[in-house]
Amino acid sequence: MSKLFTPIKIKNLDLKNRIVMAPMCQFSADEKGFVQNWHFIHYSSRAIGGVGLILLEATAVDPNGRIMVGDLGIWDDQHIAGLKSIVDECKKYGAKIGIQLFHAGRKCTAPEKESVAPSPIAFSEKYAVPHELTKEEIKEIVVAFRLAAKRSLGAGFDTIEIHGAHGYLIHQFLSPLSNLRKDEYGGSAENRVRFLREILEAVREVWDKRKALLLRVSAEDYAEGGNTSEDTAYLINLVKEYEIDLVNVSSGAIVPAEINVYPGYQITFSEIIRDLTGLPTIAGGLITSPLMAEEILCNQRGDLIFIGRDLLRNPYWPLYAAKALDVEMEWPNQYRGARL
Ligand SMILES: Cc1cc2nc3c(=O)[nH]c(=O)nc-3n(C[C@H](O)[C@H](O)[C@H](O)COP(=O)(O)O)c2cc1C
């Protein structure tokens, strides 16, 4: 039996297979962050294609937390209806669906807004120097995450992924490269993780206890003085009591460092996080082959596999993988003729 097609249950998140659609920004929302027909088609196609867990793209908890205009938003109750339409459609095909909640911090380029960060350091010379968040402003962003989690529940999402990776606001607090604060939010690992801790605590206040909560991390900062996978595992261990159920392991983007990218380049990071935290992980990065996914899962280097760009090339990747691995899976009736 293929491991990729072995169901897995995490809290009440009951997945028919271990294929996760990686969150991928579409920059296709309107200027107020509302869902468009594009999103509906994009996500429901992957549900029809047999993905076990769809992770919606980074969705901003605050208009000033968007990477740019075009990001989806969840800072207003009015966003719920559009998001719910995607959720309802994807569930019809047996997929489970989560939303990735985020704030871009110093990487926000939405016009007419001053970007914010733990410390006034620009990501690169192409970005503005951000405003250093006051403690009061930090609390406001924590509340924005809590309200976004409540709206996510209203939209019917099966899970939430807190985006702590890729150099966005949470990662900016976690990394010593971007967090030079002298107060209780900076310095030691215990202090740098405080913002994430407060967010997890706030989200857990409103998110159904039976539902899984995911955390995406950049395991490696790829720069001297930055976090390594071992450091990231240490940070996760400091907050996992807030019921993180699954860690989605990515890497980089806190500074414009060069990354040596090759098939499976992040799998060792997943292995380290999994070993040092005892939490299940989603592993991925340049995975295109079902056999490679199988190897990672069978050798316990991750518990699920995320697929990003290959699912953009082929929304029916799971159907193709099942055929390649000679697995019986349920095909949409309309497509059964292509099964043999
Ligand atoms: C178009 C595109 C948009 C992305 N947007 C997000 C995002 O919203 N959130 C996130 O955590 N990662 C994002 N990523 C990173 C992917 O989730 C994934 O980690 C990356 O593409 C590596 O996996 P792959 O080699 O299977 O594509 C994006 C990647 C792509 C290609």
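First listed ligand is number 1; within each ligand, the first listed atom is number 1.
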_Side chains of Leu153 and Asp208, heavy atoms from C-beta outward: is any pair under 4.5 Å?_
yes

*Is it the case that more than 12 heavy atoms not belonging to Lys323 sit under 6.0 Å from its NZ atom?*
no

*asked:* Does ligand 1 come near enough to Cys25 that some N or O of the ligand is less than 3.5 Å from an N or O of the residue?
replied: yes

*Is there side-chain contact between Arg309 and Arg313, with at least one heavy-atom pair below 4.5 Å?*
yes

*Compute the minimum heavy-atom distance from Leu286 to ligand 1 and say whether it is under 4.0 Å.*
yes

*Quick one: does Arg216 get an N or O within less than 3.5 Å of an N or O on ligand 1?*
yes

_Tell me the nearest of Ala22, Ala165, Pro23 to atom 28 (C) of ligand 1, using heavy-atom distances._
Pro23

*For ligand 1, find out whether one of its N or O atoms is nearer than 3.5 Å to an N or O atom of Arg309.*
yes

*Might you point out which heavy atoms bring Pro118 and Glu132 nearest each other, and give the distance in Å?*
O-CG, 3.1 Å

*Electrostatic pair Glu330:Lys16 at N-O distance under 4.0 angstrom*: no

*ligand 1 and Gln100, any nitrogen or oxygen pair closer than 3.5 angstrom?*
yes

*asked:* Quick check on contacts: which atoms of ligand 1 are under 4.0 angstrom from a heavy atom of Ala58?
replied: 8 (O)

*Which protein heavy atom lies closest to atom 29 (C) of ligand 1, and at what distance to 0.1 Å?*
Met24 CG, 3.8 Å

*For the pair Gln266 and Ser251, evaluate side-chain hydrogen bond (donor to acceptor under 3.5 Å, both in side chains) and give the outcome as yes or no after the intermediate values.*
CA-CA 7 Å; Gln266 298 176 141; Ser251 64; 2.7 Å; yes

*Would you mind running through ligand 1 and noting each atom that sits below 4.0 Å from a heavy atom of Phe306?*
18 (C), 19 (O), 22 (C), 23 (O)

_Cation-pi check, Arg181 onto Phe195 ring (under 6.0 Å, within 45° of axis)_ = no

*With the threshold set at 4.0 Å, does a side-chain nitrogen-carboxylate oxygen contact exist between Lys91 and Asp14?*
no

*Can you find an N/O atom of Leu312 closer than 3.5 Å to an N/O atom of ligand 1?*
no

_When you compare the side chain of Ser270 with that of Ile296, does any pair of heavy atoms fall below 4.5 Å?_
no

_atom 31 (C) of ligand 1 protein-contacted (non-hydrogen atom, under 4.0 angstrom)_ = yes

*Which of the atoms in ligand 1, numbered in the order shown and given with their element, are less than 4.0 Å from a heavy-atom of Gly285?*
23 (O), 25 (O)

_Distance-only N or O hit between ligand 1 and Gly308, under 3.5 Å_ = yes

*Would one find an N or O of His163, backbone or side chain, under 3.5 Å from an N or O of ligand 1?*
yes

